[in-house]
Every structure is written in structure tokens, then in C-alpha cells.
A.B. asks: 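The following block contains the structure, expressed as C-alpha cells.
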Number of protein chains: 2
Amino acid sequence: MTLEPFFQSISLLKRLSASERQRLAEVSREKRYAKGEAVFRQGDPAEAVCIVKEGRVHLMKFHDEGQASTTCVMTPGEIFCCLPALDRKPYPVDAIAAVDSIIVRIPTTSFHELLQKNPAFLEASLCLFCERLRQVENQSCMVYDSVERRLAQVLLTLSEKFGPTIPLTKHELAEMANTTVETTIRILSHLKKQGAIKSSRGSTTIVKPDMLRDLASS
Amino acid sequence: MTLEPFFQSISLLKRLSASERQRLAEVSREKRYAKGEAVFRQGDPAEAVCIVKEGRVHLMKFHDEGQASTTCVMTPGEIFCCLPALDRKPYPVDAIAAVDSIIVRIPTTSFHELLQKNPAFLEASLCLFCERLRQVENQSCMVYDSVERRLAQVLLTLSEKFGPTIPLTKHELAEMANTTVETTIRILSHLKKQGAIKSSRGSTTIVKPDMLRDLASS
DNA sequence: AAGATTCTATGATGCACCTCATAGACGTGC
DNA sequence: GCACGTCTATGAGGTGCATCATAGAATCTT
């Protein structure tokens, strides 16, 4: 069971020739992570570029006193931490399996070689990279908005990935909005009363996206 | 008065051959900006990569109700907004001259051509991007911190650029720490009483960096 | 089935910070 | 010189949100 078919389904890796992809599949490894387990930690040397095959991985920062904030949620098919593959420096964040997950690990060295050899692949990687930078720059400006706005923003962003029903706990939403569970629940309760969302254990459903958009931008 | 000698002093442009640099100098233009004037605005099409020749430029985001936050301070010799030159998309932030400034504008198209032609130049540019991404990712983790910590962090970061005496007003410091002038002044007064800094109109001097480091990381 | 654990929910309290108001110090233009 | 704008400074008051406490509901464990 080679990884080649899986690699074919990843848009970034489509830029590779069949033989390049085949070779990459040979040196890459699949690995299981239990819920809560770290795929890598901030500061670890960058050994692998990762792709989510199954499950969900959160990129996060841990502060003192155990507070955590999630900067990005990676779902199946998504590739993460190309940055260390580019500059050969350590991972800038923690990557934690949010549920039991299967991750494909591509050795950084192999990835880096391909960047050097294949200009089309470099170009595509750069695009991904630029997107990420824009994403992060955008996030960093919303960080000082009110919690209500941040939450609306978070829900809208997640709905691009998951559709209207977002399969995250209130605690996970809180970590994305950089607030506490209690505050998150209070605000979501309020939004629920207004009919903007529905809420159940482990998931939140957007009913009126326009209402959230108003909140996020007003 | 060609721009070539100036370009020689910019480390990124040292990667170019003399003739490439000469050609770049011919198509680039110097432009003056008065204090408060915009070099470009968020969303503008990316016409030029910019280098500060004299003065100081702040990269910032404006929120509703006129609140502004400064994400980055660019000083002479620094090059900014290579990102749009890479992905050809609009500027992600506003660039405002914080004092009367002279900016050298390199046409995006010329810059982009060089990226394609000269691998060493591409490599160096990538390094700059990677650094920027890491910088931004780091900033975004300041979110959970108290204003005091954010301010300590801001002062330390700025002192890497300016040395111990930071020539910014309290208002500008406030914009960097994402807080108000009043709170900034209150906290700086406190730090002054403790002997960690000195403060005068339009500038703040770090006296005991270790004290700030303790604050920023404790 | 009973107990443990996680998730959701809501109230009470406190505080860090924003907002508004006032004022003196300093520089700038006329 | 005086008027004006900018910068610094400090007080009073209000509030958004964290923290702490409690508890019920859903799910997992054995």
C-alpha cells in the first residue's frame, strides 16, 4: 500500500512528475496520533512536512499558565508546515491532534530537494506560503476586536472549511477566538437566541451567515 | 544621481549582478512623502516594492472608529511588501509615513522578473519572507498577554532596531501594543518609577533591558 | 448500571483596561 | 508675543471579560 495514490489527490503534489511523486511516496511515512498527542512541538527541528490523511490537527501556541490559542485547524488533504522546509528553521508552533488522526510525514530534506529541482513545484509552494502569510496577517488584526466579533469571524472562517455545521467543541472555539469557554458559551447562547446559530454538544451550526458577517465587520 | 549606489547598500539587492542592479535602478523612482501620508493603502494593487531611504514608515491596520494598530516599523534600508510582488495580489496593510520620508519604489513587474531569472535572488527574497512570517506568527501570540507585557515586548523589539533610545511618541507605542495612549503612559510612568526606562517627549529610553525581559516573559 | 469524565450552561464577583474629562508642557506658525 | 496643535500626564467612572463556583446533561469506562 504505497502513498502514491494519496499524494495524487493533494493539489500541491500534482505539480510533481509521476516519478518524482513516486519517489516522494517511498520516503514518506504514515503515522497515527491519538487525540491530544503532539505531531510536533514549537522549537522542534523540522524533520517533516505533514499532510493530514484522517482526523484533525490544530496548530497552536501555548502560553504560560496552560492557556492555549489555536491559530489554524488542518483537515484531511491539507498540508502544513512548509515554512520550516523552506528556511530549515524549527517549527514555529505546536501541532496537536485534536482527534485521533493519521498524518503523512514527508522528510523535509526530500521536500526541499524538490523545491530546488522543480520550479513549478516551487511556484505552487510559494503560493501556499503567500496565502498563509496573508491569513496570519489578517488574523493578527482581528485579535484585538471584541470577543463577539472574534467569535463571529472564527465561525465564518471555519464554515469555509467545514460547511455550515462546525464539528468543534465550545472549548475549541474558545481557543480559536482567544477567550474562555464560559464567555464563548455565553455569547453563543446569545447568538442562538437571536437565531443566528444552532448549537449542540460538540458542534455549532450557522443558520444566518449574514448576521454573523454583520457582527464581524460592523 | 542614479539609485545604483543606494541599491548597493541594501543587502537583498547585493545578490543581483551589477548590470541587473543598474537596470533596476533605472526603472525605480524616489518619492517624498509628508508625515501622515500613505505610501499605499490596504487593498491597493501592488505597483511597487518599497525601500525606505529616509524617514520612517509604519505598516498598519485601521479598524472601524478610527482605531489603528501598527504591526511593523520600517526604517532606512529596509525593504517592505515583497509579498505582493510574489503573489501579485493587493497590499495586505496600509503603509503610512510616520515622519517626512523618502521612499524608493521598485516596479513590481521588474522585481518579479528578477525573481524568475535569478535563483540566488529568489532564495534571498524567500528568506526575507520566511522571517516576516515567523515575526507575524510570533506577534500573534502576544494576544493573551497583559498590556504591560505587550509594551515591554514592543520596547525590546524596537530597541533592536533603534538601540536603547526609541524615537517614537507614546501614541505610536500605544498603536504598536494595541492599547490606548493613556494606558501606555500610565504603565510607562510606572516603569519609569522602577527605573527600568527613562521617558521624554517623543522618545523612550530603555535603562534596564533585563527588567523588561523579565516582564515580557514572566 | 454505576461511576468517571467531558461538555454545556449560568450566576456572582473582581479587575484590567477603556473612556471621558482636565490640564500642564512643549513646540510651531503667524 | 500670542494662539494653536501635539504630546504627556493623572483622576474618576464604567465595562467587557476573566475567574471562580456550581450543576446538569451527554458520553465513555469498567
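Every chain is numbered from 1, with letters handed out A, B, ... down the list of sequences.
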A.B. asks: In whole angstrom, give the distance that lies between atom CG of A/Leu188 and atom P of D/dC17.
C.D. replies: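 So the CG-P distance, A/Leu188 to D/dC17, works out to 13 Å.
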A.B. asks: Does A/Ser146 make a side-chain N or O approach to OP1 or OP2 of D/dG16 shorter than 4.0 Å?
C.D. replies: no
A.B. asks: Taking 4.0 Å as the cut-off, does a side-chain nitrogen or oxygen of A/Thr179 come that near to OP1 or OP2 on D/dC17?
C.D. replies: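 For A/Thr179, the contact criterion (side-chain N or O under 4.0 Å from OP1 or OP2 of D/dC17) is not met.
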A.B. asks: Taking atom C1' of D/dC17 as reference, at what distance in whole Å does atom OH of B/Tyr144 sit?
C.D. replies: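 In whole Å, D/dC17 C1' and B/Tyr144 OH are 10 Å from each other.
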A.B. asks: Check for a donor-acceptor pair, side chain of A/Ser9 on one end and backbone N or O of A/Phe6 on the other, with a separation under 3.5 Å.
C.D. replies: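 Between the backbone of A/Phe6 and the side chain of A/Ser9 there is a qualifying donor-acceptor contact (under 3.5 Å).
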A.B. asks: Side-chain donor or acceptor of A/Arg186 under 3.5 Å from a matching atom on the base of C/dG11?
C.D. replies: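 Result: at least one qualifying N/O pair found.
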A.B. asks: Check whether any side-chain N or O of B/Thr183 sits under 4.0 Å from OP1 or OP2 of C/dC17, and answer yes or no.
C.D. replies: no
A.B. asks: Distance check needed: D/dC7 P versus B/Lys192 NZ, whole Å only.
C.D. replies: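 Checked: the NZ to P distance equals 17 Å.
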A.B. asks: Is A/Ser189 near enough to C/dT10 that one of its side-chain N or O atoms lies under 4.0 angstrom from OP1 or OP2?
C.D. replies: yes
A.B. asks: Under 3.5 Å, is there a donor-acceptor pair between the A/Lys170 and A/Ser199 side chains?
C.D. replies: yes
A.B. asks: Are any non-hydrogen side-chain atoms of B/Leu215 and B/Glu148 less than 4.5 angstrom apart?
C.D. replies: yes
A.B. asks: Assess, by modelled atom type and distance only, whether the side chains of A/Gln153 and A/Arg150 contain a donor and an acceptor separated by less than 3.5 Å.
C.D. replies: no
A.B. asks: Checking salt bridge (charged side-chain N to carboxylate O under 4.0 Å, His left out) for the pair A/Glu172/A/Arg56: CA distance, chi angles, key distance, verdict?
C.D. replies: CA-CA 12 Å; A/Glu172 289 172 319; A/Arg56 173 159 50 89; 3.2 Å; yes
A.B. asks: Using atom CD1 of B/Ile187 as one end and atom C1' of C/dC17 as the other, report the distance to the nearest whole Å.
C.D. replies: 9 Å
A.B. asks: Between the base of D/dT6 and the side chain of B/Arg201, is there a donor and acceptor pair under 3.5 angstrom?
C.D. replies: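 Indeed there is one.
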A.B. asks: Does D/dC7 have OP1 or OP2 under 4.0 Å away from a side-chain N or O of B/Lys170?
C.D. replies: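 So the side-chain polar atoms of B/Lys170 never come under 4.0 Å of the phosphate oxygens OP1 or OP2 of D/dC7.
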A.B. asks: I need the NZ-P distance between A/Lys35 and D/dT27, as an integer number of Å.
C.D. replies: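 Rounding to the nearest Å, NZ of A/Lys35 and P of D/dT27 are 13 Å apart.
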A.B. asks: Nearest whole angstrom, please: distance from the P of D/dA21 to the CD1 of A/Ile185.
C.D. replies: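 In whole Å, D/dA21 P lies 18 Å from A/Ile185 CD1.
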A.B. asks: Find the distance B/Leu173:CG to D/dC7:P and express it as a whole number of Å.
C.D. replies: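 Computing the B/Leu173:CG to D/dC7:P distance gives 12 Å.
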A.B. asks: Which whole-number value in Å describes the distance from A/Glu182 CD to C/dG14 C1'?
C.D. replies: 15 Å
